[in-house]
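Every value quoted in this text rests on a predicted model; they were computed, and no experiment measured them. FYI, side chains are in, hydrogens and waters are out, and symmetry mates aren't considered; it's all heavy atoms of this structure. Just so it is clear: chains get the letters A, B, ... in the order the sequence lines come, proteins before strands, and each one is counted from 1.
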Amino acid sequence: MSNLSAFDTLGPVMVGPSSSHTAGAVRIGNLAREIVGKDFKRVKIYLHGSFRETYQGHGTDKALIGGLLGLSTENSLIKKSFQLAKQKKIEFEFIPADLGKVHPNTVKLKIEDIDEDMNIITASSIGGGSIVVTEIDGVEVDLTGEYPTLITLHEDKPGVVAKVSAILNEYQLNIAEMKVVRQNKGTLATAVIGLDYQLDVSILNKIQKVSEVKKVKLVNPIE
Amino acid sequence: MYDFETVKELINLTEKHEVSITEVVIKREKELSEKSEVEIRKRMNKSLEVMREAIKQGLTEDITSMSGLVGGDAKLIASAREREETITGNIMSQAITRALAVSEVNAAMGKIVAVPTAGSCGILPGALLTIADDIDISDKEIVDSLFVASGIGLAVAKQASVSGAAGGCQAECGTASGMAAAAITYLLGGDNNQVANATAIALKNILGLVCDPVAGLVEIPCIKRNTMGAANALVAAEMALAGVESKIPIDEVIIAMKEVGEALPEELRETSLGGLAATPTGCRIKEQLKAD
């Protein structure tokens, strides 16, 4: 708790009515937008627990859409996010759901991007506007949007993660946190690498060229 | 190092470095964020502007909450005051009008400053800005007092909690009321001990208040509790400035608040399973909203 800012107790500036159900929902939308990383045309939103019970009264629905459109937690347009999404011809649907043993404020987003790829993201609003993305496309993660984060999908072989971290080391990029999750033993694995600084596209390209790396994605931090 | 955990440590730092509470809080923020004092002050100035805008919006626009349950009450008190139908006097009437206005704007998805949370966002602007307008003081001095409020909020957050789910409404509206009482006392020239006493008195008066939102929304009774918090802040500041002391020191009050919060059953900590949320009318409202 010692790193609490003066603007945590007198602030943040935000659109109401609830830091967990509104501001947190906007931030989930913001981070999901970063994870998808391109325009999208269709969104299905599965609301769990307290989100399911009170989403309309808290504007959680408008906040999630506003966040997906890139609005910040203090943007007054959040209230009108449905109209904005319709103008952009984005289809969206809210579905009450039971997502199992998860935080009471949890949402699952199925986002179909312009290349018709499906992005499935699960996230929770854990209080005071803080959030955590817990799953991306079936892979367990732990993403809070604080750091620039690299996410790779690579062959589950010895030395692949070392190759990626060697490239980061070459550019003297410090790894703030790292987690490697196996999709299936001996087939595919995912590394989630939190960095202290933004990284250049050229570095991303270099990682992409590692032969065992199938996919690499950079998720920028959110406000 | 300007970091502190308790109000006592905060006051000790002011004495050690011979600076004000405001300066300690700003210096701490500088260390934490590596930003300049100008940038930090600018950000707080923006918060002040957002508070003023929310008050204005709540008193000029037609406000209805997202659920349609609440809105328009701030205007009712404002017009009663214009007809000179106030029984508590202009200051108190203004303070509760403004606290209501900001809370109503919050419930309608308007822009507010969370102090310390969105649910208690009307208390500090309602009480503090009413006093500030009454004595005609510079924005810089108001911003100074906002840093004092923030510092007090930090001491509560670090020792207890400012979340209704963890500590009940006392943690949200109680803390907000304590922060507002501290800011007002500071703004009116109170010394460090008077600031601490004002905070302690305000917190003590709200100790034990449960968090029981009807249908889980930040509307009933949250909005009206903001008026109570603003009024209580004025009461506490008036007492402390007159020289009334809290027999229980502020940090002990904060720890008591934490323990009371932990002792509250889960039904009374934002789950909407007890208190007003569980009344026949509270349940009926919930069912009605579901049916809509």
Side-chain angles (χ1 to χ4, degrees), chain A residues 1-26 47 49-67 71-82 96 103-105 125-130 196 223, chain B residues 3 5 25-26 28-29 32-33 40 43-44 46-47 50 54 65-67 69 103 105-119 121 124 146-147 149-159 162-163 165-166 175 179 213 215-219 222 270-272 286 289-290 292:
Chain A
M1 293 293 271
S2 65
N3 58 358
L4 272 180
S5 153
F7 298 101
D8 287 327
T9 52
L10 207 143
V13 173
M14 57 171 274
V15 162
S18 158
S19 53
S20 54
H21 287 67
T22 320
V26 174
L47 298 148
S50 174
F51 268 9
R52 178 186 57 202
E53 298 301 322
T54 65
Y55 74 95
Q56 284 157 323
H58 279 134
T60 308
D61 46 0
K62 295 188 169 70
L64 285 164
I65 296 295
L71 302 179
S72 73
T73 49
E74 59 177 270
N75 195 319
S76 302
L77 286 174
I78 286 167
K79 206 174 167 177
K80 295 181 181 139
S81 66
F82 287 3
H103 188 283
N105 297 329
S125 176
I126 55 174
S130 296
D196 283 334
E223 272 176 36
Chain B
D3 201 15
E5 296 288 315
V25 177
I26 291 176
R28 179 186 176 276
E29 195 65 21
L32 189 75
S33 65
I40 293 167
R43 185 161 172 201
M44 196 58 97
K46 186 188 154 194
S47 296
V50 173
S65 69
M66 297 307 290
S67 68
L69 287 172
S103 292
V105 166
N106 180 56
M109 287 192 94
K111 197 200 280 191
I112 53 91
V113 186
V115 188
T117 62
C121 68
L124 181 131
L146 290 178
F147 280 108
S150 166
I152 294 293
L154 283 171
V156 179
K158 287 177 168 202
Q159 296 182 83
V162 298
S163 129
T175 304
M179 290 168 70
L217 303 179
V218 193
E219 299 190 9
C222 320
E270 215 182 296
T271 53
S272 299
K286 186 181 173 184
L289 287 175
K290 259 193 178 167
D292 287 345

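Most heavy-atom pairs under 4.5 Å with chain A: of the set B:I40, B:I26, B:T175, B:V156, this distinction falls to B:I40. Contact count against chain B (heavy-atom pairs under 4.5 Å) is highest for A:M14 among A:E53, A:E74, A:K79, A:M14. For chain A, the option among B:L124, B:T271, B:V115, B:V25 with the highest count of heavy-atom pairs below 4.5 Å is B:V115. Between chain A and the residues B:I112, B:T117, B:V50, B:I152, the most heavy-atom pairs under 4.5 angstrom are made by B:I112. Among B:N106, B:L154, B:L146, the residue making the largest number of heavy-atom pairs under 4.5 Å with chain A is B:N106. Of the listed residues (B:P116, B:A54, B:A114, B:G153), the one with the most heavy-atom contacts under 4.5 Å to chain A is B:A114. For the options B:V113, B:L217, B:L69, B:V162, heavy-atom pairs under 4.5 Å to chain A are most numerous at B:L217.
Note that CE of B:M179 is 4.5 Å distant from CG of A:L10, once rounded to the nearest 0.5 Å. Going from atom OG1 of A:T60 over to atom CE of B:M66 covers 9.5 Å, rounded to the nearest 0.5 Å.
Donor-acceptor pairing under 3.5 Å is recorded for the side chains of A:S5 and B:E29.
Proximity to chain A involves both the backbone and the side chain of B:M44, based on heavy atoms less than 4.5 angstrom apart. Heavy-atom distances place the side chain of A:T22, and not its backbone, under 4.5 Å from chain B. Both the backbone and the side chain of B:A108 have a heavy atom closer than 4.5 Å to some heavy atom of chain A. Proximity to chain A (any heavy atom under 4.5 Å) is shown, for B:L289, by neither the backbone nor the side chain. If you measure heavy-atom distances from A:N75 to chain B, you find no contacts under 4.5 Å at all.
For A:H58 (side chain) and B:G216 (main-chain N/O), a donor-acceptor pair under 3.5 Å exists by modelled atom type.
Between B:A215 and A:T54 the shortest heavy-atom distance is O-CG2, 3.5 Å. Minimum interatomic distance between A:P17 and B:V218 (heavy atoms only, all atoms of both residues): O-CG2, 3.6 Å. Contact record, A:A6 with B:S150: O-OG, 2.7 Å, taken as the closest heavy-atom pair. Nearest approach of B:A118 to A:S19, heavy atoms of both residues: CB-N, 4.1 Å. Summarising the geometry of A:I78 relative to B:M109, their closest heavy-atom pair is CG2-CE, 3.7 Å, with the distance given to 0.1 Å.
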